[in-house]
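Note sheet for the following structure.
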Amino acid sequence: MLLYLFISCFPIIFFIKSLTLKPLPPWATEMRLLSPWFRKDVSFFLSSRLIKNILGLGYFTTVVSKMSLKKISFTSKVDNFEEVEESAMSIFDLPDLVLECILERLPPAALCSMAGVCSSLRSRCISDHFWEKHMKKKWGRIIGPAAYREWQWHIALRTRKDSSHLKQGKPKGLMRVLSIIRPSWWIKSKVDDSSRQCSLPDDSIMSWFLALETGRFWFPAQVYNRENGHVGFMLSCYDAELSYDPRTDTFQARYPPHGRRAVAIENYVPWERLRAPPFDTSPHDLHISDCLNELRPGDNIEIQWRRNKEFPYGWWYGVVGHLESCDGNDNYCRCHNSDTVVLEFNQYTAGSRWRRATINRKEHREEGNEADGFYGGIRKLCNEEEISTWKRLWPSEILE
């Protein structure tokens with residue numbers, strides 16, 4: 001009886017010891033911040049593995065008990081167990097196309113969990129082919145060419161620092177002699193130290209995705225109604241540097257200094273107030289308008305405006321209005337034939353000096369003065385999503 005109990009319990013002890021998993025690389029543990037479902041994904045993976053092994057174990061113990069009662073030799077028991085193990089199917093037995101389709105449907109947290117299983121799956125799961133879709137889906141609306149260029153500079157700077165550290169760490173004296181005798185020893189120690197820290201390529205899309213998700217990378221974008229909807233910036237959009245906070249699913253924004261104004265910081269900026277810059281230019285550059293001849297009353301526009309020459313431009317929402325000589329009747333309106341274009345900012349009261357502005361259709365560059373600010377380039381809005389975003393941000397009360 002004791003012998004039978006020992007034979008039944010021994011496979012359980014062996015199975016529990018076999019559950020020891022290798023620690024995930026540092027970039028995999030960072031993915032815990034990707035989604036609140038990370039623990040659910042990992043627990044599901046471990047639970048499925050546990051159930052699978054327990055079912056196999058139950059079958060094994062049943063076979064052992066039956067064979068022991070029938071006094072079958074130990075050799076036959078081992079042979080039967082090997083047949084059961086050989087019949088189990090591995091994920092690597094799947095065709096490449098099937099495995100690729102499975103990985104394509106995994107969310108980022110689950111894809112990273114799979115990458116931490118083994119080197120074979122890691123080489124597949126860190127592929128740009130999978131992460132490009134996740135990058136576009138979550139970050140495509142607020143990431144533009146300027147953010148990508150900033151990331152390339154970030155990689156180049158980090159690579160330069162790493163190379164400078166290697167040059168500073170060149171062996172001297174006795175260590176130099178040892179490195180000549182066994183050069184692989186010196187090189188291997190340097191490579192191993194860096195690979196322990198992170199085995200993820202810096203220029204991979206997955207690395208960029210992780211840097212964004214964990215908030216380690218600040219990127220340029222634009223913020224609607226900056227500084228928590230300050231009345232002085234209502235229905236405007238300004239450039240800022242942003243960092244994502246995965247705990248609150250919001251952003252921290254840093255607005256560049258201008259004039260005597262220091263850097264302004266805003267916390268808890270929601271996704272709805274962000275966008276990628278419409279043009280890959282500096283906020284101090286004047287946009288050359290190419291739509292002036294097309295503007296007609298009722299068109300939705302954005303126009304650059306700044307307080308003075310030292311300030312960066314912000315984009316302000318407005319509509320094209322009618323001339324004072326026009327009664328607004330579409331059948332008789334000839335405002336589109338005039339060289340003068342009226343711009344209306346209806347978020348301000350009728351008597352406000354910010355309510356209306358006029359520009360010259362043919363000779364418009366930057367117009368204005370130190371009292372009323374300077375109006376710059378104009379872009380006509382044709383995208384309904386952009387127009388609806390501005391209308392959704394409309395102030396609850398008319399501004400003075």
Side-chain angles (χ1 to χ4, degrees), residues 33-37 107-109 131-148 150-151 208-256 263-281 283 287 299-305 312-319 345-348 354 378-399:
L33 298 176
L34 286 182
S35 167
W37 300 102
W131 289 94
E132 187 175 7
K133 179 188 68 173
H134 295 303
M135 176 67 76
K136 184 177 181 179
K137 180 179 179 181
K138 182 166 185 178
W139 296 94
R141 192 178 62 83
I142 64 175
I143 292 292
Y148 180 74
E150 190 75 21
W151 173 246
W208 190 17
F209 190 94
L210 277 174
L212 289 168
E213 286 282 337
T214 55
R216 292 185 287 106
F217 175 63
W218 289 78
F219 62 95
Q222 291 185 344
V223 182
Y224 292 99
N225 294 354
R226 60 175 282 181
E227 299 181 34
N228 294 311
H230 189 282
V231 65
F233 298 103
M234 193 62 67
L235 288 189
S236 68
C237 198
Y238 276 80
D239 287 76
E241 287 187 333
L242 299 169
S243 173
Y244 179 63
D245 184 357
R247 294 167 297 181
T248 60
D249 192 30
T250 58
F251 294 82
Q252 184 182 49
R254 293 189 307 208
Y255 302 101
V263 176
I265 297 177
E266 181 181 356
N267 297 312
Y268 309 113
V269 181
W271 288 84
E272 295 77 16
R273 286 176 51 207
L274 302 179
R275 76 174 184 183
F279 302 103
D280 188 17
T281 57
H287 172 65
D299 286 344
N300 296 270
I301 57 98
E302 290 180 11
I303 185 170
Q304 289 178 313
W305 183 86
Y313 284 113
W315 289 97
W316 293 73
Y317 173 73
V319 295
F345 305 95
N346 296 323
Q347 64 267 35
Y348 295 98
W354 308 112
I378 298 176
R379 61 183 295 252
K380 180 181 176 180
L381 300 181
C382 300
N383 190 320
E384 289 297 329
E385 184 178 353
E386 284 189 294
I387 298 172
S388 62
T389 298
W390 283 112
K391 292 182 177 180
R392 178 173 49 82
L393 297 169
W394 198 270
S396 56
E397 298 180 357
I398 300 297
L399 307 177

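Only heavy atoms go into these numbers, but all of them, side chains included; no hydrogens, no water, no symmetry mates.
Atoms NZ and CG, on K391 and L235 in that order, are 12.0 Å from each other to the nearest 0.5 Å. To the nearest 0.5 Å, atom OG of residue S243 and atom CZ of residue F217 are 10.0 Å apart. The CH2 atom of W316 lies 13.0 Å from the CD atom of Q304; values are rounded to the nearest 0.5 Å. Atom CD1 in I143 sits 11.0 Å away from atom CZ in R141 (nearest 0.5 Å). The CD1 atom of I398 lies 8.0 Å from the CG atom of N346; values are rounded to the nearest 0.5 Å. The structure places CD1 of I265 at 5.5 Å from CD of Q252, a figure rounded to the nearest 0.5 Å.
Remark: E386 pairs with R379 by the side-chain hydrogen bond (donor to acceptor under 3.5 Å, both in side chains) rule, at least two apart or across chains. Judged as a ring-ring contact (aromatic ring centres under 6.0 Å, His included), and not counting sequence neighbours, the contacts of H287 are F279, W315. Applying the ring-ring contact (aromatic ring centres under 6.0 Å, His included) criterion to Y317, with sequence neighbours excluded, gives W390. Residues passing the side-chain hydrogen bond (donor to acceptor under 3.5 Å, both in side chains) test with W139 are E213, sequence neighbours excluded. Annotation: ring-ring contact (aromatic ring centres under 6.0 Å, His included) contacts of W394 (sequence neighbours excluded): none. When the ring-ring contact (aromatic ring centres under 6.0 Å, His included) test is applied to Y148, the partners found at least two apart in sequence or on another chain are W208. Scored by the salt bridge (Lys or Arg N to Asp or Glu O under 4.0 Å) test, D280 finds R149 as partners (sequence neighbours excluded). Residues satisfying the side-chain hydrogen bond (donor to acceptor under 3.5 Å, both in side chains) test with R273, not counting sequence neighbours, are E266. Remark: K136 pairs with no residue by the side chain to side chain contact (heavy atoms under 4.5 Å, CB included) rule, at least two apart or across chains. Partners of K133 according to the salt bridge (Lys or Arg N to Asp or Glu O under 4.0 Å) rule, which considers only residues two or more places apart in sequence or in another chain, do not exist here. For the side-chain hydrogen bond (donor to acceptor under 3.5 Å, both in side chains) test, residues two or more places apart in sequence or in another chain that qualify with R254 are E241.
Contact between A240 and A253 at its shortest, heavy atoms only, is CB-CB, 4.4 Å. Residues P108 and W131 come closest through the heavy atom pair O-CH2, 3.7 Å. The minimum heavy-atom distance between W354 and F345, with the atom names listed, is O-CD1, 3.4 Å. For V319 against N300, the heavy-atom pair with the smallest separation is CG1-OD1, 3.8 Å. When every heavy atom of T214 is checked against every heavy atom of L210, the shortest pair comes out as OG1-O, 2.7 Å. Annotation for Y238 and W305: closest pair OH-O, 3.8 Å, computed over non-hydrogen atoms.
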Y255/V223 under side-chain contact (heavy atoms from CB on, under 4.5 Å): CA gap, chis, key distance, verdict: CA-CA 9 Å; Y255 302 101; V223 182; 3.4 Å; yes

Worked verdict on L212 versus Y244 for side-chain contact (heavy atoms from CB on, under 4.5 Å): CA-CA 7 Å; L212 289 168; Y244 179 63; 5.9 Å; no

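Under the side-chain hydrogen bond (donor to acceptor under 3.5 Å, both in side chains) criterion, the residue pairs touching residues 221-236 are Q222-D239, Q222-R275, E227-R261, with sequence neighbours excluded.
Around the CD atom of E150, the shell of radius 6.0 Å holds more than 12 heavy atoms that belong to other residues, nucleotides or ligands.
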